[in-house]
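Right, one structure below, let's go through it.
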Amino acid sequence: MLEISYIRENRERVLEGLKVRNFSEEELEIVEKVIALDDKRKTLQTDLDNKLAERNSISKSIGDLFKQGKKDEANAMRQQVNDLKDTAGQIEEDLKATKATLAETLVQLPNIPHPSVPAGNTDEDNEIAKDWPGALPELGEDAKPHWELATQYNVFDLELGVKIAGSGFPVFRGKGARLVRALIAFFLDEAARAGYEEVIPPLLVNESTAYGTGQLPDKEGQMYHAEKDDLYLIPTAEVPVTNIYRDVIIKDESDFPIKLTGHTPCFRREAGSYGAHVRGLNRVHQFDKVEIVRIEHPDRSYEALDEMVKHVEGLLEKLELPYRILRLCGGDLGFTSALTYDFEVFSAAQKRWLEVSSVSNFETFQTNRLKLRYKTEQGNRLAHTLNGSALALARIIASLMENNQTPEGIRIPKALQSYTGFDLID
RNA sequence: GGUGAAGUGGGUGAGUGGCUGAAACCACCGGUUUGCUAAACCGGCGUACUCUUAACGGGGUACCGCGGGUUCGAAUCCCGCCUUCACCGCCA
């Protein structure tokens, strides 16, 4: 959520930013609406405070009078306070309503894109920040998509998942299951080497947590909801891990950077997504992912973003997968993000690029909701949050299977072999 | 799941209707003293909103788990919820 003070002081930049996100003239009016609501809120707040101050002072006098034994005078003043309470009560109701409307409106405003974010509507307008330098692998006509290889080599079974849960819940088996475990361990080890502290967070979160990182209210339909206990299944480790720092005031600027990593399964409803492009592991309801999360000083968050990009690149290189990096355009940028790099891996049998990582700087958009601040001489300021997938497993497995298929079986990249204990799935 | 107890500032913890934004101690920061360190002494030390000021600052309001209520006045009384602890039950 954007800070009101920021909107007030940078109205033009906010409007420009929303245009990059393809807001129409009409939609842009929300900015004026927010400011008007905030004006009203301030006036009401001041009114209310004045009434309460008056009440407090009269109440104090009443107490003094009672002590002095001047009962009649004291009782006479009671009516004054009662009248005051009535007006104060009305103002308070009005204030509450205004605050609620303001909050509802403010929540509709997405983050302001970083100046480097290209304009555009769809994923076709994303900018290629780094292309794959060499030729893309060519497998020939008899190459199989990963879902066919899965059956051939018993890597995972989607139909079995349907029986147990429903569509989009793969059951990994044998060497496939072992490959999942190997990738998780590999990614976590790499993150640890890069200085990230490993955490194992809850997989179900409450409403405040889902709100803190911006999944609520914007993406409610994306999450599974356990209604009886009012808990949400996490769509990414970002949610519980970043919320570790909800309502925290970091004592000293030298405590930055805070670097956390965690592996979790991720649950996504992906309602209504069916068809050829979501076959196999391309889009599933449950997948494993290792996430890296950083809490940074505002002056250094973009440096941190670059570091995270490098980290993810390193992983893909060790996995020997052809990849490219996209800078998302305004239309494709997530609601909460100021700048996002997507990583795509080329899956040679499908001849498609598959998104396997998304690395974003949220600046203060999340920390404003999280109330995540750090102390400075001039008072408390909002920190910056960032996160990135490092990496999401399902699609990595899809492209590993496709790109590394040989007549003998599926070849395991060197970097993984010490984790899998085998170099071929056959 | 049942029964009982408790939730106060970074921590321990006092406070049962007005003099309490909240004692005291610890931690932390600044200073004095001091070969160094330590000790001792002095001072400072919550958050949010708001008004005012060029700024330093100053004023006001709210916050003692959360939400409601009683009262002229609530950390303190009442109701609901949440959490924690103890015991019992169940259990990977």
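Order of the sequence lines fixes the chain letters, A, B, ..., with proteins taken first and strands second; residue numbering starts at 1 for each chain.
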Side chains of Arg373(A) and Thr367(A): do they bring a donor and an acceptor to under 3.5 Å?
no

Determine whether the aromatic ring centres of residues His384(A) and Phe362(A) are separated by less than 6.0 angstrom.
no

C19(B) and G60(B), which share atom name P, separated by this distance in whole Å:
15 Å

When you get a sec, tell me which of U50(B), C72(B), G60(B) is the closest nucleotide to the side chain of Val81(A)?
C72(B)

Under a 3.5 Å limit on both distances, the Watson-Crick or wobble mate of U76(B) is none

Rounded to whole Å, how long is the line connecting atom CG of Asn368(A) with atom C1' of A48(B)?
12 Å

C1' gap between G17(B) and G59(B), integer Å
27 Å

Mind checking the C1' distance from G21(B) to U37(B)? Whole angstroms is fine.
37 Å

Provide the distance between the two C1' atoms, one in G69(B) and one in A55(B), to the nearest whole Å.
45 Å

Could you check whether Asn82(A) gets within reach of a base, just the sugar-phosphate, or nothing at all, counting any heavy atom under 4.0 Å?
sugar-phosphate

Say you pick atom P in A39(B) and the same atom in G18(B); how far apart are they, in whole Å?
39 Å

Under a 3.5 Å limit for both distances, which nucleotide forms a Watson-Crick or G-U wobble pair with C56(B), could you say?
none

What contact category does Asn380(A) fall into here, base, sugar-phosphate, or nothing, at under 4.0 angstrom with non-hydrogen atoms?
sugar-phosphate

Please examine the side chains of Arg395(A) and Phe287(A), heavy atoms only from C-beta on, and report whether any two atoms are closer than 4.5 Å.
no

Counting any heavy atom closer than 4.0 Å, what does Leu48(A) reach on the DNA or RNA strands: base, sugar-phosphate only, or nothing?
nothing

U76(B) versus U71(B) - spacing of their P atoms, nearest Å
16 Å

Within the supplied structure, the quantity of interest is the number of heavy atoms (other residues, nucleotides, ligands) at a distance under 6.0 Å from Arg173(A) CZ; does it exceed 12?
no

Given that both distances must come in under 3.5 Å, which nucleotide forms a Watson-Crick or G-U wobble pair with U84(B)?
A5(B)

Ranking U71(B), G18(B), C49(B) by distance to the side chain of Ser59(A), first place goes to G18(B)

So Tyr302(A) and His114(A), would you call those rings parallel, tilted or perpendicular, with 30° and 60° as cut-offs?
tilted

Quick one: Gln45(A) CD to C51(B) C1', roughly how many Å, whole number?
11 Å

Could you say whether Lys96(A) or Arg373(A) is positioned toward the 5' end of RNA chain B, judged by the nucleotide with the nearest heavy atom to each?
Arg373(A)

Would you tell me if any nitrogen or oxygen in the side chain of Lys375(A) comes within less than 4.0 Å of OP1 or OP2 on U47(B)?
yes

Between C1' on G59(B) and CD on Glu54(A), what's the gap in Å once rounded to a whole number?
16 Å

Identified pairing partner of C25(B), criterion: Watson-Crick or G-U wobble below 3.5 Å:
G11(B)

Side chain of Ile249(A) only, please: which of C49(B), C72(B), U47(B) is the nearest?
U47(B)

How do Gly63(A) and Leu52(A) order along RNA chain B: which one's closest nucleotide is nearer the 5' end?
Gly63(A)

Who pairs with A48(B) - Watson-Crick or G-U, where each distance is under 3.5 Å
U61(B)

Nearest to the side chain of Thr46(A), which nucleotide is it out of C51(B), C49(B), G60(B)?
C51(B)

Side-chain N,O (Lys251(A)) to OP1/OP2 (C29(B)) below 4.0 Å
no

Tell me which nucleotide, if any, is Watson-Crick or G-U wobble paired with C41(B) when both distances must be under 3.5 Å.
G31(B)

Would you check if the distance from the ring center of Tyr224(A) to the ring center of Tyr232(A) is below 6.0 Å?
no

Pair Glu16(A) + Lys19(A): basic N to acidic O under 4.0 Å
yes

Could you work out the separation of G7(B) and A14(B) based on their P atoms and round it to a whole Å?
9 Å

Lys85(A) NZ to U71(B) P, in whole Å, measures 6 Å

For atom NZ of Lys60(A) and atom C1' of C72(B), their distance in whole Å:
14 Å

Is the phosphate of A62(B) approached by Arg55(A) (side-chain N or O, under 4.0 Å from OP1 or OP2)?
yes

Would the number of heavy atoms belonging to other residues, nucleotides or ligands and lying under 6.0 Å from CD of Glu32(A) be above 12?
yes

Report which part of the nucleic acid Asn56(A) touches: base, sugar-phosphate, or nothing (heavy-atom distance under 4.0 Å, all strands).
sugar-phosphate

Please report the distance separating the C1' of U8(B) from the corresponding atom of A74(B), rounded so that it comes out in whole Å.
14 Å

Base, sugar-phosphate, or nothing for Lys99(A), non-hydrogen atoms under 4.0 angstrom?
nothing

Could you let me know what U16(B) is paired to, Watson-Crick or G-U wobble, both distances under 3.5 Å, or none if it's on its own?
none

